[in-house]
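Right, one structure below, let's go through it.
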Amino acid sequence: MSGSDKEQNKFLFEILDEHKQSWGAKSKSYEEVLRNLKSRSNKNNLPFTKGRDAKPLDWVMEQFIREQNWGKELSQNRLILEWANIVGETVALHTTILGIQNGILHIKCDTTAWQAQIRRVKSEYLCIIQEKYPEAKIYDFKFVPVSNVTFPRGVWRVQGGRGLRDTYG
């Protein structure tokens, strides 16, 4: 610090002291503040000392995710984003993941035929998911009923019947 900087800082401290006195606060001189700052400097906080090396970004991010307890949610979101890689493009086109709740993956399929096909290979998909995404903690699939089936209404419909049983025998 040059001499003019020290003089300017002393001037600022004098103004501060005047205001502190009007507030009734305890004032410190410029020299006292400098002494406190020098005594606070920690020898372990100096550059180029052990423990001050930069850490790799992936390590820092892993630590942050672990501290925030985001591992499970991030793994589940990655699973949803990479669903096509797990089951294949064809199956992914006919399925939609609605969400994950209590370790159960909720899936909606285009048709009941696709539901049946996925049920057949469900154990294989679960093994792949548990191997690739262990933090997601997925233990089962649940299929949401297909709701796009429409049934005929009209003149030839059985009136006063018992629903679909009467329509399709």
Side-chain angles (χ1 to χ4, degrees), residues 1 5 9 12 33-34 36-169:
M1 244 193 261
D5 288 340
N9 285 343
L12 291 173
V33 172
L34 278 179
N36 286 341
L37 287 174
K38 286 180 183 177
S39 67
R40 282 187 200 169
S41 67
N42 189 351
K43 292 180 181 178
N44 295 332
N45 200 14
L46 296 174
F48 309 112
T49 57
K50 188 175 181 179
R52 295 276 304 185
D53 296 332
K55 306 282 191 247
L57 185 60
D58 62 342
W59 182 85
V60 172
M61 290 302 295
E62 284 176 13
Q63 294 299 316
F64 180 72
I65 289 168
R66 192 173 295 124
E67 287 172 7
Q68 299 298 322
N69 293 324
W70 289 347
K72 183 178 178 182
E73 289 83 8
L74 287 174
S75 186
Q76 289 176 350
N77 287 328
R78 232 176 83 220
L79 168 98
I80 292 170
L81 289 173
E82 297 175 2
W83 178 247
N85 296 337
I86 297 167
V87 297
E89 292 292 328
T90 309
V91 175
L93 287 173
H94 296 281
T95 58
T96 306
I97 296 180
L98 299 177
I100 300 170
Q101 190 174 27
N102 300 328
I104 299 173
L105 185 68
H106 296 273
I107 302 172
K108 183 174 183 177
C109 297
D110 291 347
T111 63
T112 54
W114 280 104
Q115 280 184 0
Q117 290 297 324
I118 294 173
R119 275 194 185 103
R120 287 188 187 131
V121 291
K122 176 176 149 180
S123 60
E124 292 174 29
Y125 289 154
L126 280 173
C127 287
I128 293 169
I129 289 171
Q130 289 172 354
E131 183 180 309
K132 286 187 176 180
Y133 310 98
E135 286 185 19
K137 297 183 177 155
I138 303 296
Y139 303 111
D140 198 10
F141 291 172
K142 184 174 183 179
F143 294 97
V144 177
V146 178
S147 61
N148 62 354
V149 180
T150 58
F151 298 100
R153 309 263 188 248
V155 181
W156 297 105
R157 188 171 152 259
V158 175
Q159 300 297 321
R162 296 184 301 157
L164 298 177
R165 294 175 293 236
D166 291 338
T167 307
Y168 290 102

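Please read all numbers here as calculations on a predicted model, not as lab measurements. Heads up: numbering here begins at 1 and tracks the sequence.
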Show which side-chain atoms of residues 90-108 pair as donor or acceptor with protein atoms under 3.5 Å away, not counting sequence neighbours.
unit_1: His94; atom_1: ND1; unit_2: Asp110; atom_2: OD2; d: 3.0
unit_1: His94; atom_1: ND1; unit_2: Trp114; atom_2: NE1; d: 3.4
unit_1: Thr95; atom_1: OG1; unit_2: Trp83; atom_2: NE1; d: 2.9
unit_1: Thr95; atom_1: OG1; unit_2: Val91; atom_2: O; d: 2.9

Please table the atom pairs, donor to acceptor, closer than 3.5 Å between any side-chain atom in residues 63-76 and protein atoms at least two apart or in another chain.
unit_1: Ser75; atom_1: OG; unit_2: Ala136; atom_2: N; d: 3.3
unit_1: Gln76; atom_1: NE2; unit_2: Ala136; atom_2: O; d: 3.1

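With Glu89 contributing its side chain and Ala84 its backbone, the two residues share no donor-acceptor pair below 3.5 Å.
The side chain to side chain donor-acceptor pair (under 3.5 Å) search around Glu82 returns Tyr133, not counting sequence neighbours. In this structure, the salt bridge (Lys or Arg N to Asp or Glu O under 4.0 Å) partners of Asp140, at least two apart in sequence or on a different chain, are Lys122. With sequence neighbours left out, Pro145 forms a side chain to side chain contact (heavy atoms under 4.5 Å, CB included) with no residue at all.
Ile86 CD1 to Tyr125 OH: the interatomic distance, rounded to the nearest 0.5 Å, is 10.0 Å.
Residue pairs that meet the salt bridge (charged side-chain N to carboxylate O under 4.0 Å, His left out) test with at least one member in residues 90-107, sequence neighbours left out, do not exist here. Evaluation of the salt bridge (charged side-chain N to carboxylate O under 4.0 Å, His left out) test over residues 123-139, restricted to residues two or more places apart or in two chains, returns none.
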